[in-house]
Amino acid sequence: MTITEAELTERLRAVADPENGDDIVSMGLINDVTVSDGTAEVSLAFNAPCAPAEIDIGDRVREVVADAGLDPDLSAGVGEAHGFDRSVLPGVRNVIAVASGKGGVGKTTVAANIAAGLDERGARVGILDADVHGPNVPRLLPTENEPGVMPDGDIVPPRSDGVLVMSAHHMLPGDDQPAVLRGPMVNNVMMKFVNEVEWGQLDYLIVDLPPGTGDASLNLLQSLPVAGVVIVTTPQEMAVADARKGLRLFEDHDAPVLGVVENMAAFRCPDCGDTHEVFGEGGAASIRDDYGVPVLSKIPVHPDFDSEGSDGPTVRDDDSDVQDDLFDLVDDVADRVGAVTRRRVAQRVGDWDAGGSEGRATERGGSDDHDAERPAADGGEDPSRCSCSE
């Protein structure tokens, strides 16, 4: 006898969300279950394509469906019913801001490698270079052409090996030409990039913010549905102090902080093999301890990050000693976006006590300690679509 939809849903309670500590049914992560002609169509309230945790959950759902004698057909998406407003950048699933309290900490390097790494994983990715005075993203993600213009005047961003790139760099007459713009003009440029760029359908839009806690960061918080923020620092005391200020800015505006990246954490000597912490140690860990946000990665000083000597971001260099570190960072960022989104869904529609299970992740980062269904026109997404699930 064919299992009923209610019975299958009950069986799916055996599938746990590993990062939020409860089952996917109680958390409201099942949008719909339909059983017909030997196939079970299961719609999941997921929104982080290529996140390893969501792929693992999807695989577990398939196992439960198969054990019930049915062929699994999975799709994924969230919408207004889950508290997600698609009126701004309707084709963009997740906006991830990469921020720092001060300049010179390698924020753009981190942002470019996250974007390229997500693209390598199989996601649809764009990057917005919001640092108008220091637009360096195209140096790390060189584009194949210049921006185009649609008949309605919207800008079509060029690509860098699959990643859509929009930067003020494209508007400057030469590499050494400064962008001499006052505050209101900077804000106008940034909002033009938000409102008048045809990003199309993206899984992730990475926004490389200028350093500090000025207008650009505030405008982003007020204008875009930010899925999460990655804070970049170096181990030095002053960099960490300014990173804390940046974290507080986003926290005070209810933007989930995904975690902290400690860049230039140490130097790995190619001759002796020893690791030397030339800029100090423990900076990111102190932020984790005080604010409860995870340390997403500790990236070493390495010559492969020199953009002049490379053909693109280091995460795409199969010969680089730090490629694995960067892919670990990419996967952790995607997993953190997924965890925050699923928690948000659970708090909105799930029969779920957010404080009732020890060890659950929070939007501030939780206890991590490691160094609407898409509109019909979008067609929904299968959690196995990305290359990382194959």
Modelled atom types, side-chain donor and acceptor of Arg244 and Ser286, under 3.5 Å: yes
More than 12 non-hydrogen atoms from neighbouring residues, nucleotides or ligands closer than 6.0 Å to CZ on Arg248, yes or no? no
May I ask you to check whether Thr314 and Asp317 show a side-chain donor-acceptor distance below 3.5 Å? no
Within 45° cone of Phe84 ring axis and under 6.0 Å: Arg344 NZ or CZ: yes
Is a side-chain donor-acceptor pair under 3.5 Å present for Thr108 with Asp208? yes
Look at atom CD of Glu237 and say whether more than 12 heavy atoms of other residues, nucleotides or ligands are closer to it than 6.0 Å. no
Identify, with sequence neighbours excluded, every residue that meets salt bridge (charged side-chain N to carboxylate O under 4.0 Å, His left out) alongside Glu277. none
Indicate whether any N or O donor in one side chain lies under 3.5 Å from an N or O acceptor in the other, for Thr39 and Asp37. no
Do the charged groups of Arg316 and Asp119 touch, with an N to O distance under 4.0 Å? yes
Any ion pair linking Asp67 and Arg11 (charged N to carboxylate O, less than 4.0 Å)? no
Taking only residues two or more places apart in sequence, or in another chain, which ones meet Asp17 in a salt bridge (charged side-chain N to carboxylate O under 4.0 Å, His left out)? Arg342
Under a 4.5 Å side-chain heavy-atom rule over Ile, Leu, Val, Met, Phe, Trp and Tyr, are Met150 and Val165 clustered together? no
